[in-house]
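Working notes, structure below.
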Amino acid sequence: MTNKAKVGVLALGRNTFDVPYAQEMLAQAWQALSGMDIELVGEPMLQFDAESALKALPALKQANLDLLLILQVTFTDASLTTEVARDFPVPTALWSFPEARTGGRLRLNSFCGVNLACHALSREAIKVQTLHGLPSDSRVINELQQLAQAAAIVKRFKQAKVMVIGEHPLGFDACNYNQQQLKQHFGVEVTRQPVLEFIDEVKALPDSVADAPYARRAKDFPNLAEMDQTATRKTLKVYSALREKAQREGYTGIAVRCWPDFFTDYGCAACGALALMNEDKVPCGCEADMFGVLSSLMAQWASGNAAFNTDLVDIDPQDNSVVFWHCGQAPIEMADRDGPVQATIHSNRKLPLLSEFALKPGRITLCRITQGEGKLRLMLAGGEMIKAPLAFSGTAGTARLDVDADTYRQRLIAAGMEHHTSLVYGEHRPLLRKVADLLGLDVIELT
């Protein structure tokens with residue numbers, strides 16, 4: 001995440017409890033929040049009645065928050081919390097504090113207030129997040145940091161605009177989607193364009209738009225001049241058209257029907273153009289895979305790194321390894337620089353431009369927003385990309401997952417998973433689980 005999550009804070013309490021101690025707890029919480037990697041909105045002020053709390057709400061609503069955090073400093077009844085959470089436009093979290101077991105009276109009774117509020121909210125089918133712990137508890141602060149990041153990702157989905165160029169290939173049901181469902185569930189806006197219409201736009205561009213991306217790729221691929229130059233520059237014109245369209249119209253990702261149309265109607269491979277867009281962090285999925293693009297966006301936003309929408313193409317139970325591959329679309333930041341990094345042609349259509357390299361070793365996270373079994377869920381898995389020679393032409397990596405290879409295969413098939421999975425470097429499953437929770441997606445853990 002490049003931008004800090006914006007968190008609004010509302011502190012609730014009752015003056016029938018230990019007010020000096022409540023003020024002290026609020027000060028500690030505010031200090032902890034101020035030290036987090038978030039943008040904090042609000043004031044460290046206890047709201048002792050509904051009137052004062054409601055007066056603080058308009059400023060919070062206008063602040064374009066990612067997350068509303070209610071500090072349940074002391075016990076309160078559920079009426080105010082329910083009123084606030086009922087129509088607040090972003091996810092809400094409630095933070096309660098442990099009680100010192102002194103043998104005397106309850107000084108805060110904070111958790112009971114959260115319990116009462118969550119019951120009331122559940123009766124209205126309103127879900128909120130909860131945290132419990134002292135401000136000095138690093139576990140709670142880390143959890144809150146992740147929750148804020150997850151809420152920011154959810155808001156980015158609501159602001160996302162994605163384009164689909166062409167229809168997915170016949171029989172590729174894994175790449176279909178329901179546009180109304182996307183808008184309702186994620187807030188994503190979708191625009192469509194026929195693939196041949198887009199190709200005509202590319203053809204109309206001056207050939208000079210390929211000059212800058214050609215120079216860029218020449219630095220990356222020592223054998224670029226060996227490729228068919230006419231087809232290579234056509235691929236780079238496709239990239240220029242995609243980039244200009246994304247910049248001009250504000251697309252955060254583009255799903256493209258890559259075959260057969262770019263081969264048959266333009267004479268080049270789209271793969272190299274999609275690779276460059278992935279490197280620019282505007283994920284472009286092949287085969288018009290909308291959920292592949294959204295999955296890559298989720299992985300990219302969680303990690304801050306470019307994502308790779310892959311196929312699982314080989315499982316070796318004896319070696320306990322699997323291979324993730326796609327024609328040549330992996331972002332070049334994933335390349336193992338100890339091996340060849342070069343340009344190549346499409347293995348079936350024999351046209352450029354594609355990237356070719358093995359993926360570098362390191363921790364990986366796999367994710368996919370899946371429609372398997374007829375419902376939206378989030379698949380997560382983890383493992384290690386290992387140092388290995390390029391398994392297949394294009395971009396590919398050999399991995400050992402957190403379960404044995406054949407168990408992963410069986411779980412993948414049993415869950416009705418699509419053939420595309422988004423891959424990103426690093427361990428990001430804890431954050432992605434929180435994103436799924438805020439989006440109302442059940443999580444399928446394959447490892």
Side-chain angles (χ1 to χ4, degrees), residues 4-100 105-121 126-149 151-152:
K4 291 184 178 181
K6 188 180 287 189
V7 179
V9 180
L10 185 66
L12 303 182
R14 287 287 180 267
N15 58 14
T16 52
F17 288 87
D18 187 337
V19 173
Y21 181 55
Q23 298 281 12
E24 178 187 338
M25 187 63 68
L26 173 58
Q28 292 179 22
W30 196 266
Q31 183 178 9
L33 290 167
S34 299
M36 292 173 56
D37 188 25
I38 60 173
E39 182 179 342
L40 196 56
V41 180
E43 296 180 305
M45 181 180 298
L46 263 175
Q47 309 296 343
F48 286 117
D49 56 65
E51 183 180 357
S52 62
L54 292 174
K55 284 182 180 178
L57 277 182
L60 293 174
K61 286 186 176 181
Q62 294 170 11
N64 193 27
L65 301 177
D66 297 301
L67 177 72
L68 174 66
L69 176 63
I70 295 177
L71 302 181
Q72 188 77 50
V73 184
T74 78
F75 177 85
T76 63
D77 67 59
S79 58
L80 178 59
T81 305
T82 304
E83 184 174 352
V84 171
R86 183 181 290 127
D87 66 347
F88 210 85
V90 299
T92 300
L94 278 63
W95 184 2
S96 58
F97 305 102
E99 198 76 36
R105 67 162 294 188
L106 285 166
R107 301 174 75 186
L108 301 175
N109 202 19
S110 170
F111 176 75
C112 194
V114 167
N115 195 169
L116 190 69
C118 288
H119 168 75
L121 290 166
I126 298 172
K127 186 173 183 180
V128 295
Q129 306 295 310
T130 63
L131 306 109
H132 182 75
L134 292 171
S136 58
D137 188 340
S138 60
R139 174 191 57 84
V140 175
I141 299 305
N142 290 338
E143 185 177 355
L144 180 56
Q145 180 74 58
Q146 283 195 337
L147 180 57
Q149 289 179 290

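All of these numbers come straight from a predicted model, not from anything done at the bench.
Test T74, V9, L71 against L26 for side-chain contact (heavy atoms from CB on, under 4.5 Å) and you get one pass: L71.
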Take D49 and K55 through the test salt bridge (Lys or Arg N to Asp or Glu O under 4.0 Å) and record every step on the way to the result.
CA-CA 10 Å; D49 56 65; K55 284 182 180 178; over 6 Å; no
K61 and D87: CA distance, side-chain angles, deciding distance, side-chain contact (heavy atoms from CB on, under 4.5 Å) verdict:
CA-CA 10 Å; K61 286 186 176 181; D87 66 347; 3.5 Å; yes
Between I70 and T92, does the side-chain contact (heavy atoms from CB on, under 4.5 Å) criterion hold? Intermediate values first, please.
CA-CA 7 Å; I70 295 177; T92 300; 3.9 Å; yes
Walk me through whether V73 and F17 qualify under side-chain contact (heavy atoms from CB on, under 4.5 Å).
CA-CA 10 Å; V73 184; F17 288 87; over 6 Å; no
For side-chain contact (heavy atoms from CB on, under 4.5 Å), just list the numbers for N64 and V90, CA-CA rounded to whole Å, side-chain angles, deciding distance to a tenth of an Å, and then say yes or no.
CA-CA 9 Å; N64 193 27; V90 299; over 6 Å; no
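T76 and Q72 are linked by a side-chain donor-acceptor pair at a separation below 3.5 angstrom, with hydrogens and angles left out of the test.
Scanning all heavy atoms of the two residues, the minimum distance from C118 to V128 falls at SG-CG2, 3.8 Å. Residues L68 and V84 share a closest heavy-atom pair of CD2-CG1, 3.6 Å. When all heavy atoms of A85 and L121 are compared, the closest pair comes out as CB-CD2, 3.8 Å. Counting all heavy atoms, side chain and backbone alike, L94 lies closest to T81 at CD2-CG2, 3.9 Å. Minimum interatomic distance between A32 and P135 (heavy atoms only, all atoms of both residues): CB-O, 3.7 Å. Contact detail for A78 and A120: the closest heavy-atom pair is CB-CB, 3.9 Å.
A donor-acceptor pair under 3.5 Å is absent between the side-chain atoms of K6 and the main chain of V41, judged by distance alone. A donor-acceptor pair under 3.5 Å is formed between the side chain of W95 and the backbone N or O of G133. Between the side chain of N109 and the backbone N or O of F75 there is no donor-acceptor pair closer than 3.5 Å.
Here the straight-line distance linking atom CD1 of I126 with atom CZ of R86 works out to 6.0 Å at 0.5 Å rounding. Atom CD of residue E143 and atom CD of residue Q145 lie 12.0 Å apart, to the nearest 0.5 angstrom. With values rounded to the nearest 0.5 angstrom, L10 atom CG is found 8.5 Å from S52 atom OG. Between L69 atom CG and L131 atom CG the span is 7.0 Å, to the nearest 0.5 Å. Between M25 atom CE and L46 atom CG the span is 11.0 Å, to the nearest 0.5 Å. For the atom pair L108 CG and D18 CG, the distance stands at 7.0 Å (nearest 0.5 Å).
Side chains of Q146 and Q149 form a contact here, defined as non-hydrogen atoms less than 4.5 Å apart. Proximity of T82 to L80: side-chain heavy atoms (C-beta onward) are nowhere separated by under 4.5 Å. Within the 4.5 Å cutoff, the side chain of L67 has heavy atoms near those of the L144 side chain. Between V7 and L33, the closest side-chain pair of non-hydrogen atoms is not below 4.5 Å.
Within 6.0 Å of CD on Q28 lie more than 12 heavy atoms contributed by other residues, nucleotides or ligands. The number of heavy atoms from other shown groups lying within 6.0 Å of CD (E99) is above 12. Within 6.0 Å of atom CE in M45, 12 or fewer heavy atoms from other residues, nucleotides or ligands are found, so the atom counts as exposed in its surroundings.
Under the salt bridge (charged side-chain N to carboxylate O under 4.0 Å, His left out) criterion, D137 pairs with R139, sequence neighbours left out.
Annotation: salt bridge (Lys or Arg N to Asp or Glu O under 4.0 Å) contacts involving residues 21-38, sequence neighbours excluded, comprise K4-D37.
Under the 30°/60° scheme for interplanar angles, the aromatic rings of H132 and F111 are found to stand perpendicular.
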